[in-house]
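See structure below.
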Amino acid sequence: MKSESEALFVKQLKENQNIIHKICRLYTSDEDAHNDLFQEITIQLWKAFPNFRGDSKFTTWAYRVGLNTAITLYRKKKRTIDTIEFDSTFHKVTQDDYNFEEEEKLKLLYSAISELNDIEKALVFLYLEDKDYTEISETLGISEVNARVKMNRVKGKLKKILNP
């Protein structure tokens with residue numbers, strides 16, 4: 001039973017690791033920090049996986065765990081957390097190469113987003129991922145109306161930043 005759960009986790013992680021990369025890109029500024037945060041989010045997902053009930057989609061749950069991990073680590077500027085050993089060679093999980101050159105095209109947008117607070121960053125990220133307001137509100141733990149209001153305010157902020 002345990003190996004089935006591990007296999008399911010590894011399969012889901014492989015299929016959805018771009019979610020983690022996008023979160024890392026949003027909250028880090030260099031490749032080393034990106035890789036560190038990727039590892040921390042993966043560890044937190046692994047630790048939380050036994051509690052994943054399937055009430056929401058795996059991606060929604062992964063967004064929530066990933067964003068909470070990123071916000072917690074970088075808000076407190078604390079880079080060490082308790083970890084458990086995860087033998088990736090046993091599961092043959094490999095981290096796909098991430099194309100940083102492609103990301104350079106988005107540098108201006110990320111620069112503007114970096115001026116937002118942590119919750120606003122998460123809101124924009126989910127919006128850019130084409131998540132509906134129901135899923136955004138569920139992921140961030142706020143009401144759907146609050147998500148809409150915050151998003152309208154953030155759009156105004158981004159317009160001012162991008163068009164001074």
Side-chain angles (χ1 to χ4, degrees), residues 9 12-13 15-82 95-96 98-164:
F9 174 77
Q12 290 286 359
L13 182 63
E15 291 173 1
N16 297 290
Q17 69 177 298
N18 279 341
I19 291 170
I20 302 168
H21 281 301
K22 290 174 185 176
I23 293 169
C24 294
R25 178 67 173 119
L26 191 63
Y27 286 93
T28 62
S29 57
D30 62 60
E31 190 172 355
D32 288 337
H34 178 103
N35 291 334
D36 288 346
L37 183 56
F38 184 93
Q39 182 179 10
E40 293 301 332
I41 291 172
T42 302
I43 290 168
Q44 293 306 313
L45 286 167
W46 172 244
K47 287 171 63 176
F49 191 69
N51 298 323
F52 176 61
R53 298 182 309 261
D55 294 342
S56 62
K57 294 186 282 185
F58 180 85
T59 55
T60 301
W61 175 78
Y63 279 124
R64 187 171 201 149
V65 172
L67 288 168
N68 285 339
T69 301
I71 289 169
T72 300
L73 288 177
Y74 288 94
R75 183 176 281 170
K76 293 180 180 180
K77 301 293 184 203
K78 181 181 176 184
R79 293 190 174 239
T80 58
I81 59 172
D82 294 332
Q95 179 178 331
D96 292 339
Y98 193 67
N99 186 347
F100 285 98
E101 290 175 13
E102 184 179 302
E103 285 296 319
E104 287 301 315
K105 296 174 186 174
L106 298 172
K107 190 173 187 177
L108 182 61
L109 180 60
Y110 278 111
S111 176
I113 292 172
S114 72
E115 296 183 33
L116 302 174
N117 70 40
D118 290 338
I119 300 302
E120 291 170 338
K121 285 179 188 177
L123 186 66
V124 168
F125 170 69
L126 292 169
Y127 182 82
L128 292 174
E129 288 291 302
D130 291 327
K131 300 300 174 191
D132 60 32
Y133 284 106
T134 303
E135 193 167 353
I136 291 172
S137 65
E138 182 181 314
T139 302
L140 297 180
I142 59 177
S143 72
E144 193 172 330
V145 171
N146 195 358
R148 289 178 189 276
V149 170
K150 284 181 181 287
M151 191 64 228
N152 284 331
R153 290 180 184 156
V154 169
K155 284 178 185 178
K157 273 187 178 181
L158 287 173
K159 283 179 186 175
K160 285 181 182 176
I161 293 168
L162 292 169
N163 303 310

> Is there a donor in the side chain of Thr69 and an acceptor in the side chain of Glu40, or the other way round, less than 3.5 Å apart?
Replying inline: no
> Do you know the tightest heavy-atom contact between Ala122 and Ile71?
Replying inline: CB-CD1, 4.4 Å
For the pair [X] (side chain) and [Y] (backbone), establish whether a donor and an acceptor sit closer than 3.5 Å, ignoring hydrogens and angles.
X      : Y      : result
Thr42  : Phe38  : yes
Arg64  : Glu138 : yes
Asn146 : Ile142 : no
Tyr27  : Leu37  : no
Asp30  : Ala33  : yes

Measure the spacing between [atom1] of [X] and [atom2] of [Y] and express it to the nearest 0.5 Å.
X      : Y      : atom1 : atom2 : result
Tyr127 : Lys155 : OH    : NZ    : 3.0 Å
Leu140 : Leu67  : CG    : CG    : 7.0 Å
Thr59  : Asn18  : OG1   : CG    : 12.5 Å
Asn117 : Lys121 : CG    : NZ    : 8.5 Å
Lys157 : Leu162 : NZ    : CG    : 13.5 Å
Asn16  : His21  : CG    : NE2   : 11.5 Å

Heavy-atom distance under 4.5 Å between the side chains of [X] and [Y], does that happen here?
X      : Y      : answer
Trp46  : Ile43  : no
Ile20  : Leu13  : yes
Gln44  : Lys47  : yes
Leu116 : Leu158 : yes
Asn35  : Glu31  : yes
Lys131 : Tyr63  : yes
Ile41  : Leu45  : yes
Asp36  : Leu73  : no

> Are Lys150 and Glu120 ion-paired here, with the side-chain N under 4.0 Å from a carboxylate O?
Replying inline: no
>> Please determine whether a side-chain nitrogen of the Lys or Arg among Glu135 and Lys57 lies less than 4.0 Å from a carboxylate oxygen of the Asp or Glu.
In response: yes
>> Taking the ring of Phe9 and the ring of Phe52, is the distance between their centroids below 6.0 Å?
In response: no
> When the ring planes of Trp61 and Phe58 are compared, do they come out parallel, tilted or perpendicular, using 30° and 60° as the limits?
Replying inline: tilted
> How about Phe49: does its CZ atom have over 12 heavy atoms from other parts shown lying under 6.0 Å from it?
Replying inline: yes
>> Take a 6.0 Å sphere around NZ of Lys159 and say whether it holds more than 12 heavy atoms from other residues, nucleotides or ligands.
In response: no
